[in-house]
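The structure presented is a predicted model; accordingly, all values stated were derived computationally and were not measured. What you see below is based on every heavy atom in this structure, not just the backbone, and it leaves out hydrogens, waters and symmetry mates. Numbers restart at 1 for each chain; the letters A, B, ... are given by sequence-line order, proteins then strands.
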Amino acid sequence: MQGVCMKDLLQQWVDGMVSRLQAEGVLPEGALPGYRMDRPKERDHGDFSTNAAMVLARFAKMKPRDLAARLLATLPQTQTDIDRWEVAGPGFINFFVSHRRLRQQVGEIIAAGSAYGRSTLGRGEKVMVEFVSANPTGPMHVGHGRGAVTGDVLCRLLQATGYAVHREYYINDAGRQVDVLGRSVAHRCRELLENRSLPPPEEFYPGEYVVDIVHALPPPLRKELEAWLVNPRDGQGETVLTTVTRFAVDWVLQDIRKDLTQLDISFDHWFSERSLHEQDGIKHALEILRARGWIHDGLLEKPKGGADKSQGDWEARQQPLFRATLFGDDVDRPLQKPDGQYTYFAADIAYHLNKYERGFARLVNIWGADHGGYVKRVQAALEGMTGTKDVLKVLLVQMVNLTRQGQPVRMSKRAGNFVTLRDVVEQVGSDAVRFWFLTRASVSQLDFDLDLAVARTNDNPVYYVQYAHARICSIGRTMAEKGMQETGDDPASYPYSPDELDLVRYLDTYPEMVESAAQHLEPHRIAFYLQELAAMFHTYYNGNRILDDDPGIRNGRLALCRAVRQVLANGLELMGVKAPERM
RNA sequence: GCGCGGUUAGCUCAGUUGGAUAGAGCGUUGGCCUCCGGAGCCAAAGGUCACAGGUUCAAAUCCUGUACCGCGCGCCA
């Protein structure tokens with residue numbers, strides 16, 4: 001790069017041209033609308049193109065093409081990076097990067113190595129990414145896996161672009177659901193004790209893992225539980241159950257951690273909701289809201305819809321509400337139940353305030369699409385508490401439809417027949433699972449076909465990309481076998497063909513792809529980029545002999561392959577997918 | 001009823017925060033192994049970007065409305 005990349009350089013040039021015309025009175029002083037420096041789709045339209053003349057034409061009271069010519073008249077005279085430029089179409093200004101500059105790029109990619117594509121865009125700013133946060137009441141399913149991979153790769157992207165990333169998992173270990181888990185364990189324990197099936201409690205997790213938890217109980221604790229089950233009149237029941245519940249939650253968390261480790265995903269901090277309660281975090285958050293006047297006691301309107309809920313028993317009651325409507329939400333949201341207990345929403349905003357108070361002014365959450373309804377209210381609360389807008393961005397990851405031979409696999413946690421994330425990872429492998437999850441934008445629903453992923457792994461795009469990498473490594477091995485040497489000449493001296501230059505141009509866009517993927521929170525762009533790069537390489541490889549007898553040609557092509565290999569490796573690293581040297 | 005997301009080739013989906021002639025994979029049809037890894041490559045066919053208006057030099061992209069699909073919607077977590 002040697003300081004600036006071509007895109008930034010050209011942007012600076014155009015900025016300079018514009019301010020010169022402002023000085024000459026052709027364009028008015030002051031703020032002007034923004035213009036862009038783009039990569040045109042058509043090769044004929046150059047390597048870079050700006051719409052500046054079209055955007056600014058009416059401010060200069062000139063036709064776009066005339067203004068473009070006027071702008072170009074001020075272009076720097078001495079430089080070797082741009083061969084030529086032109087005014088085209090309705091008024092685009094197109095720039096053509098010199099071949100010399102492109103050839104030089106190959107050497108620079110190789111020299112940059114694993115740092116190629118990294119940037120300091122984020123300027124070390126702290127950002128917290130909260131993801132997965134699956135309830136510790138059962139094994140993770142495939143949908144959790146998608147969120148996990150999306151979040152992990154997003155973190156890698158933000159890290160690569162210069163942000164100080166903190167990864168956090170929020171443990172919902174304080175609610176009714178974990179109580180249900182504890183009671184489920186007790187129920188299974190009783191079944192084992194009496195050696196027969198018993199009618200389950202109304203709320204109950206039926207999965208086989210609950211039995212595993214019973215077997216994993218430390219003997220003294222299990223004895224205590226059994227004693228209480230046999231003789232429940234003893235007032236110790238609540239404390240026994242509490243201990244069992246905590247053990248169960250820890251067991252499930254260990255299980256979840258194992259799944260995440262298999263996918264090479266880790267967290268800086270596992271934040272316990274219970275600890276929030278213990279530190280009076282909710283009280284603290286509510287005090288702030290109250291001090292700012294965002295809480296009022298009010299009546300909540302009867303909710304509309306809610307198909308399968310009977311609404312006959314709705315009763316309007318007085319309770320503390322957060323004035324979410326002042327910050328763009330649809331209705332005010334309850335913070336406490338009429339009996340004084342906090343709602344889940346209260347705990348949630350307290351957690352987000354806690355993040356902010358730990359010094360994170362930028363928060364990103366990865367949520368399943370089924371939590372989409374909570375985005376506005378949490379954002380509203382954060383704005384209410386901090387006085388700052390846009391602290392939190394939420395990336396909603398759509399559902400995963402598990403299929404088998406094209407037919408949907410119906411899963412229900414209640415029936416206990418769901419396919420776990422672990423099943424899938426063990427069958428398909430971490431690389432394929434990770435890559436597959438990133439072959440769709442997060443907003444798109446994703447079909448995951450078990451048979452396709454397992455039985456026909458060759459069709460998986462990850463192999464296509466990995467194969468390109470392994471192929472290049474293979475060239476190196478072959479060269480060694482044949483006793484060929486690299487000359488060590490500067491690859492810039494080799495006259496690349498048009499196809500080879502196209503490949504270089506595509507390698508040159510890699511850093512821009514990484515930056516935009518990070519800024520738009522769209523990790524899937526890496527997968528699409530890598531597939532395209534692999535395709536270009538395979539085509540190139542098929543049509544050109546790399547290990548040519550002519551040392552000059554061989555050296556130039558080897559350098560290009562090396563650069564391609566580096567970018568493939570860097571991109572795969574960002575995705576957390578291995579770049580194998582042979583397959 | 002309301003909110004969020006979606007609608008692009010036969011199927012599954014990309015489309016760089018408005019750009020020039022809308023792309024890929026799978027599938028279909030037909031080709032490429034004396035040569036560095038055929039897990040590969042080449043070619044062909046396939047489109048009213050759901051529909052109707054609007055905004056402007058320019059709309060798959062932004063705005064409004066309509067249709068259909070998914071998710072969500074209590075004082076649960």
5′-ward residue of the pair A:Glu512/A:Phe345 relative to RNA chain B: A:Glu512
Can A:His371 and A:Asn365 be counted as having a side-chain donor-acceptor contact under 3.5 angstrom? no
Nearest listed nucleotide, side chain of A:His520, among B:G37, B:C41, B:U16: B:U16
All side chain to side chain donor-acceptor pair (under 3.5 Å) counterparts of A:Arg477, not counting sequence neighbours: none
Test item: A:Lys7 and A:Phe48 side chains (from C-beta on) under 4.5 Å apart, heavy atoms: yes
With a 3.5 Å distance limit and no angle check, can you tell me whether A:Thr137 reaches the backbone of A:Gln177 through a side-chain donor-acceptor pair? no
Test of understanding: with side chain to side chain donor-acceptor pair (under 3.5 Å), list the residues that count as partners of A:Glu130, not counting sequence neighbours. A:Ser133, A:Lys355
Please collect all salt bridge (charged side-chain N to carboxylate O under 4.0 Å, His left out) contacts where either partner lies in residues 331-350 of chain A, sequence neighbours excluded, each pair once. A:Asp329-A:Arg333
Mind running a 4.0 Å heavy-atom check of residues 332-339 of chain A against RNA chain B and sending the residues that fall below it, in number order? A:Pro334, A:Lys337
Tell me which of A:Asn51 and A:Asn172 sits closer to the 5' end of RNA chain B, going by the nucleotide each one is nearest to. A:Asn51
Enumerate the side-chain hydrogen bond (donor to acceptor under 3.5 Å, both in side chains) contacts for residues 527-537 of chain A, please, sequence neighbours excluded, ordered by first and then second residue. none
Filter on side-chain hydrogen bond (donor to acceptor under 3.5 Å, both in side chains), then keep only pairs touching residues 436-445 of chain A, sequence neighbours left out; what's left? A:Asn401-A:Gln445
So which pairs with a foot in residues 532-553 of chain A pass ring pair (Phe, Tyr, Trp, His ring centres under 6.0 Å), sequence neighbours left out? A:Tyr464-A:His538, A:Tyr467-A:His538, A:Phe537-A:Tyr541
Who pairs with A:Ile553 by side-chain contact (heavy atoms from CB on, under 4.5 Å), at least two apart in sequence or on another chain? A:Tyr494, A:Asp548, A:Asp550, A:Arg557
With P as the reference atom in both, quote the distance from B:U12 to B:A43 in angstrom, rounded to an integer. 26 Å
Mind running ring pair (Phe, Tyr, Trp, His ring centres under 6.0 Å) on A:Tyr463 and A:Phe435 for me, showing each step along the way? CA-CA 10 Å; A:Tyr463 294 96; A:Phe435 203 99; 9.5 Å; no
Convert the base pairs of RNA chain B into dot-bracket notation, remembering that pairs crossing earlier ones are written with [ ] and that bases paired across to another strand are shown as |; include only Watson-Crick or G-U pairs under 3.5 Å. (((((((..((((.....[...)))).(((((.......))))).....(((((..]....))))))))))))....
For A:Thr343 and B:C76, is the shortest distance between a side-chain N/O and OP1 or OP2 below 4.0 Å? no
Between B:G37 and A:Ser474, is there an OP1 or OP2 to side-chain N/O distance shorter than 4.0 Å? yes
Distance check, C1' atoms only: B:G6 and B:A45, in whole angstrom units. 29 Å
Is there a donor-acceptor pair under 3.5 Å between the side chain of A:Glu512 and the backbone N or O of A:Thr509? no
Generate the contact string for nucleotides 20-25 of chain B. Rules: B means base contact, S means sugar-phosphate contact only, - means no protein heavy atom under 4.0 Å. BS----
Where do N or O atoms of nucleotides 8-12 of chain B meet protein N or O atoms at under 3.5 Å, pair by pair?
from: B:U12; atom 1: O2'; to: A:Arg440; atom 2: NH1; distance (Å): 3.0
from: B:U12; atom 1: O2'; to: A:Arg440; atom 2: NH2; distance (Å): 3.2

Please state how far atom CD1 in A:Ile349 lies from atom P in B:A77, giving the value in whole angstrom units. 14 Å
Of the listed nucleotides (B:A77, B:G37, B:G3), which one gets closest to any side-chain atom of A:Tyr374? B:A77
For A:Arg471 and B:G38, is the shortest distance between a side-chain N/O and OP1 or OP2 below 4.0 Å? yes
Would you please confirm or rule out a distance under 4.0 Å between OP1 or OP2 of B:C41 and any side-chain N or O of A:Tyr464? yes
Phosphate-side-chain proximity, A:His524 and B:G15, N/O vs OP1/OP2 below 4.0 Å: yes
Pairing residues for A:Glu522 by the side chain to side chain donor-acceptor pair (under 3.5 Å) criterion, not counting sequence neighbours: A:Arg525
Between CZ of A:Phe537 and P of B:A39 the distance, given in whole Å, is 14 Å
Establish, yes or no, whether the cationic atom of A:Arg146 lies under 6.0 Å from the six-membered ring centre of A:Phe437 and within 45° of the ring axis. no
